[in-house]
Amino acid sequence: MLHDILITLTVLTNFTLVATSRIHKSIQVAAFQGVLLGLLPLTLGLGFHIHILLMAAAAVIVKGWFIPFLLRRALAKVHIHREVHPYIGYTVSLMLCALGTGMSIVLAHNLPLKPGGPFALFVPAALATLFTGFLLLVSRRKAITQVVGYLVLENGIYLFGLMLIEAMPILVETGVLLDLFVGIFVMGIVINHITVAFDSMDTRQLAELKD
Amino acid sequence: MLAAMGILSLACAGIGLVPVLMAKPLDRVVSTLSGTEQVLPSLDNLVNLSWLTVLAIPLLVVGFILWKWAAATPRGKEQPTWGCGYLAPNARMQYTASSFADGLVQGMGWVLWPKIQGGRVRGFFPFPRRFQSHVPDPVLDRVADPGLNGAAFLLSGLRFLQAGHMSIYLMYILLTLLVLLIWMVV
Amino acid sequence: MTWYLIVLPLLAAGVAFAIPSPIWRVRILTATAILHLIGLLVALRGWGTPPAGAWLGLDALGGWVLLVISVLFLVCALYAPAYLALRPDRDGRIFTGSLLSFLGLASLLAQSQHPGITWVAIETTTLATAPLIYFNHNRHSLEATWKYLLIGSVGIALALLGTLFIAYAANMGGVEEPLLYGRLMHDSALLSRPWLRAGFVLTLVGYGTKMGLAPMHTWKPDAYGETPGIVGALLAGGVTSCAFLALLRIYAVVAAAGEAPFARELLVGFGLLSMTWAMVFMVRQLDFKRLLAYSSVEHMGILVLGIGIGGNAAKFALFHLAANALVKSVLFLSAGNIHRSYASKQLPFVTGAIRRTPISGWLFLLGFLAITGTPPFAPFISEFNIAYTALTTGHVWVGTAFLVLLGAIFLGMSDTVIKVVFGTPSAQRVRTPYKDTFATTAPMIAALALALVMGLWLPRPLQDMLQSAALMVGGQP
Amino acid sequence: MPESHLVHISHVLLHLLTALLLPPLIPGLINKVKALMAGRSGPPVLQLYYDLAKLSRKQAVFSRTTTWVFLMGPVGTVAVGLVAAMLVPFGHLHAPCGFQGDVILFAYLFGLARFLTVLSALDTGSSFEGMGAAREVTFAALAEPALFLGFAALAKSTGSLSLSTMLAHTGPLFRFSGPLVLVLAGWAIVYMAENSRIPVDDPNTHLELTMIHEVMVLDHSGRPFALVLYGASLKLLVLGALLVGPILPRNAGPLLDWLAFYLALGVLAAGVGFAESIMARFRMTKVPQFLVAGVLATAFAFLLMLV
């Protein structure tokens with residue numbers, strides 16, 4: 001029962017993410033979503049053997065604290081706080097996000113789940129978060145918000161990964177988390193370079209290479 | 001530079017003088033092309049090629065003898081070519097290749113559509129006029145060149161697909177994913 | 001177990017990153033490349049199917065791709081010293097470090113028998129090669145890196161989701177852990193169909209982005225256009241081959257599960273789309289490095305098309321992987337030389353390369369002829385056989401479209417290459433002190449000679465390996 | 001030596017002699033007929049022999065711009081004429097060198113001769129010779145199809161590709177008489193075009209702008225000019241033999257056949273002379289239509305044979 005609440009919360013965070021115009025707020029919400037997903041395996045009632053605990057802890061630390069810390073550090077260098085008129089207006093992106101959630105539910109309907117087991121809501125939520133991540137990536141102009149979009153996309157995939165928590169060996173889970181962390185880290189470095197080179201994080205300047 | 005052309009012309013002369021050598025390989029090629037059943041008669045019994053060589057020899061021998069005889073003619077003083085008494089012929093009056101082919105080009109005008117600049121001289125004291133005619137290569141100039149340029153122009157119309165904005169590139173990925181998933185579900 | 005092939009390069013990367021003196025760093029690079037190739041050849045003698053439970057094992061498919069990458073890496077490693085000498089301004093530390101780490105990760109990927117490990121290896125290669133793209137440290141290379149990184153990561157995330165889908169399909173079917181490729185292919189009948197197909201679609205889009213299949217290839221022209229020739233060669237030959245290998249592993253599982261027709265339709269569709277998209281952007285392309293990038297998109301299309309047609313074409317698609325990697329390295333390295341000599345990539349400023357840098361000019365021209373399928377070279381053999389199989393096994397329309405596209409691409413590409421290579425380099429063109437030396441051209445001549453030899457003769461053991469790799473791709477483990 | 005061989009060799013010898021000695025006689029005959037038609041006595045029949053003898057001793061004048069190609073024209077015409085004579089059956093028996101497929105060789109030998117003459121004309125660089133060469137080539141392009149279609153019709157009727165069997169056709173002519181008339185009409189037009197007789201081109205005009213064949217040989221003098229005249233007459237003979245061949249019955253025994261052949265040549269020469277004296281030249285633009293008429297005639301003959 002608890003896990004259904006957590007999942008619905010994640011879907012709600014999706015909507016808030018799409019609607020916020022302030023970058024600080026979107027980082028916080030993304031971190032909150034990360035923490036939610038980190039705690040989710042504990043509520044699945046699969047018993048508390050070490051490897052699940054370890055996983056949850058690692059997820060919470062990486063997604064909840066370390067990545068937002070990186071993003072905020074990158075943000076501090078450039079004193080902009082608001083995503084000014086992104087490619088798609090906020091209302092339109094909200095509607096698109098809702099449409100995406102609906103579609104992911106339809107798609108999840110086509111994918112038969114293993115009978116029993118608490119994973120009923122997992123697939124639609126995972127696809128919805130994935131779609132929101134994509135939406136953020138596509139519609140936002142600032143580099144930081146694009147990285148947040150990528151983070152949300154990874155959260156969606158991580159959520160789906162939780163369904164296989166007991167099947168997937170520990171090695172792969174850590175590998176996935178590690179790569180997410182390194183990915184964000186490298187993106188952080190590149191963003192610093194961008195802010196130095198283009199003295200703004202707006203990706204409009206980043207469009208000179210064309211055919 | 002001339003060596004290559006020299007070899008080719010020697011090859012042509014060789015085939016001309018001794019065509020029998022070519023008959024065997026040509027037959028083999030034709031037989032492989034036409035598969036098992038022998039559709040075309042082999043070159044040998046169609047035309048008696050050895051006679052060609054036999055006749056080529058007298059042609060060359062007679063030619064050589066006559067050449068010797070004609071070259072041995074007592075020569076007078078070398079004169080410039082007789083221009084029917086025109087005193088100041090210049091290079092531009094020489095018979096050019098396009099004027100050589102003018103008869104055929106006019107005759108086949110409805111096919112070749114020669115490009116002609118400048119035309120007839122009008123009036124009694126006409127001022128100097130230029131005339132230029134040129135037969136464009138029907139395939140290259142009429143079909144290939146405009147066709148390829150047109151295609152290139154059309155294709156450059158599609159250049160906006162790579163316009164540099166990253167969000168559009170990510171949209172491509174999203175759209176392909178959606179299309180494939182819908183295609184899979186349907 | 002050939003774990004040393006992985007550890008050696010990674011170790012060397014660490015050492016190369018640590019030591020200060022550039023000369024020793026480059027020596028380590030070349031030494032590791034040679035050692036890696038020798039070690040691989042030794043390991044390859046017994047390539048049979050790896051032990052069932054092993055997480056890392058060198059089978060025919062992985063062996064073939066790793067061999068290609070290793071040879072390619074050796075060519076680039078031999079070219080690197082001369083190149084780094086030309087670029088004293090850039091320190092070679094990050095450069096050699098990421099090159100060596102790429103080699104280690106590629107070995108990890110080629111040997112991995114678990115989809116998860118393959119995914120981790122690909123993701124880390126993306127991150128390892130990112131600094132390589134930022135080698136020139138100017139605004140354009142920064143933009144190229146940003147795009148490469150973000151599009152690559154999004155693609156890789158989708159590939160991860162695809163792998164999880166397939167893992168769930170196995171979970172539904174009751175296949176017990178761990179999900180090694182061998183086991184997946186063995187009892188593929190148990191996998192649940194909808195998850196498997198959704199998984200394949202996602203992996204295709206994911207690894208397709210890393211390979212550079214249209215329409216997910218948009219990062220390629222920017223990335224290859226802005227990197228130095230040597231990095232371009234490695235990306236075009238190495239990273240794309242790794243992504244293709246990962247895709248092939250998943251395709252093998254799907255084919256074993258009997259979903260081949262569904263998968264083949266997708267592959268043929270993507271193949272033709274990539275070739276058309278590449279053709280559209282090759283016509284009147286003014287930047288010859290971006291031209292090579294689109295040629296790489298086209299050849300990824302050919303690879304995928306070959307697999308999509310199946311049967312003999314799949315075998316020659318694998319052959320084409322090797323041929324493409326070799327000839328692409330020649331093209332990219334010679335393009336790098338020409339770019340270094342003219343200090344510009346744009347066509348109006350680069351003409352008469354054959355006069356100013358004769359060897360590179362000739363290599364660029366021969367490479368162009370080879371890559372568009374001129375007979376004595378290896379790509380001709382593969383393209384011919386793919387077309388032949390397509391036309392004889394009923395894919396008549398696909399075969400004709402394939403040939404028409406090859407012709408159009410030849411026209412488009414020759415237009416630019418001819419302008420770059422021939423013509424007279426007029427005086428006002430920028431003239432940098434760069435001269436064609438032995439060190440900057442010998443590796444490419446060797447690579448081109450190798451491509452020529454491959455076009456005429458393939459040693460017996462390699463043929464057997466290729467044959468069994470093709471069988472594995474076809475779905476028989 | 002069996003008796004038949006002896007006869008055969010004598011025929012070949014007679015054939016060679018005719019080919020070598022007879023040709024200059026034909027223009028003489030033609031001019032004599034034209035003169036008689038005009039009521040004047042005209043030059044003696046053997047005039048051309050005297051001219052040839054005179055020319056071979058005269059001094060030749062070469063233009064400064066000419067090279068060795070200039071001599072190739074006359075030499076080529078005569079050599080080709082002689083070899084072509086070997087292919088055509090004259091009197092009683094087959095041609096000495098007849099073989100399957102000599103039709104093509106025959107036609108293209110004349111093509112070779114024309115090519116060499118045109119080259120030597122252009123070699124002088126005079127614009128008149130160039131114009132003459134251009135016209136010659138244009139009209140030849142129209143005349144050659146007539147020749148070939150005639151050969152095709154004959155090949156279809158006799159079933160062989162050799163001139164000897166085609167022309168020395170001993171079988172009954174009835175079934176073939178209709179198309180034969182058409183073929184001979186077409187070939188007559190080709191005859192006039194090739195040998196530049198009146199309706200197509202006036203052999204003894206002096207106005208360069210109107211000439212076709214004559215203007216090409218304007219600059220030749222001395223021995224080369226002798227060769228040119230001899231070559232032209234040789235062409236008259238060979239094509240005449242081609243024209244006369246199908247008509248002769250060829251089964252009345254050797255002596256009679258040879259006499260019939262010579263008589264036929266005489267009649268042909270007289271006919272040409274007669275035609276020349278009653279007709280004037282066509283306008284230059286009319287000549288292609290005239291030649292196309294020849295092509296159509298032989299084409300119909302061929303179609304009739306196909307039916």
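First the proteins, then the strands, lettered A, B, ... as listed; each starts at 1. All figures in this text were calculated on a predicted structure; none of them were measured in a lab.
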Handout entry: Exceeds 12 heavy-atom contacts within 6.0 angstrom, atom CG of B/Leu2
Key = no

Practice task
Assess whether atom CH2 of B/Trp183 is packed by more than 12 heavy atoms of other residues, nucleotides or ligands within 6.0 Å.
Solution key: yes

Problem - Any side-chain heavy-atom pair of B/Met166 and C/Thr218 under 4.5 Å - result: no

Fill in the blank from the handout: Per-residue tally against chain B (heavy atom, under 4.5 Å) across C/Glu143, C/Arg284, C/Met279 peaks at C/Arg284

Exercise for the section: Please examine the side chains of B/Leu181 and C/Arg197, heavy atoms only from C-beta on, and report whether any two atoms are closer than 4.5 Å. Expected result: no

Fill in the blank from the handout: For residues 264-275 of chain C against chain B, heavy atoms under 4.5 Å, the residues are C/Glu265, C/Leu266, C/Phe270

Fill in the blank from the handout: Scored by heavy-atom pairs under 4.5 Å with chain C, the best of B/Thr176, B/Leu154, B/Leu175 is B/Thr176

Exercise for the section: Select, from C/Gly155, C/Ala198, C/Pro194, the one with the greatest count of heavy-atom pairs under 4.5 Å involving chain B. Expected result: C/Ala198

Handout entry: Student check: side-chain heavy atoms of C/His217 and B/Gln162 closer than 4.5 Å
Key = yes

Problem - Engaged part of B/Leu158 at the chain C interface, taking heavy atoms whose separation is under 4.5 Å - result: both

Exercise for the section: Report the C-alpha separation of C/Phe262 and B/Met184 in whole Å, then their side-chain angles, then the decisive distance to 0.1 Å, and conclude whether the side-chain contact (heavy atoms from CB on, under 4.5 Å) test is met. Expected result: CA-CA 9 Å; C/Phe262 163 78; B/Met184 192 192 73; 3.9 Å; yes

Exercise for the section: Evaluate the side-chain contact (heavy atoms from CB on, under 4.5 Å) criterion for residues C/Phe281 and B/Leu161: first the C-alpha distance (whole Å), next the side-chain angles of each, then the deciding distance (0.1 Å), finally the verdict. Expected result: CA-CA 9 Å; C/Phe281 279 89; B/Leu161 289 173; 3.7 Å; yes

Handout entry: Neighbour count above 12 (heavy atom, 6.0 Å) for B/Phe127 CZ
Key = no

Practice task
Answer yes or no: are there more than 12 heavy-atom neighbours, outside C/Phe422 itself, under 6.0 Å from its atom CZ?
Solution key: yes

Handout entry: Value rounded to 0.5 Å, distance of NZ in C/Lys147 from OH in B/Tyr169
Key = 4.5 Å

Problem - Check: B/Leu155 and C/Met282 side chains under 4.5 Å, non-hydrogen atoms - result: no

Problem - Part of C/Trp277 lying under 4.5 Å from any heavy atom of chain B - result: side chain

Fill in the blank from the handout: Honestly, the part of C/Val205 sitting under 4.5 Å from a heavy atom of chain B is side chain

Problem - Nearest-0.5 Å distance that lies between atom OG1 in C/Thr209 and atom CD1 in B/Ile173 - result: 4.5 Å

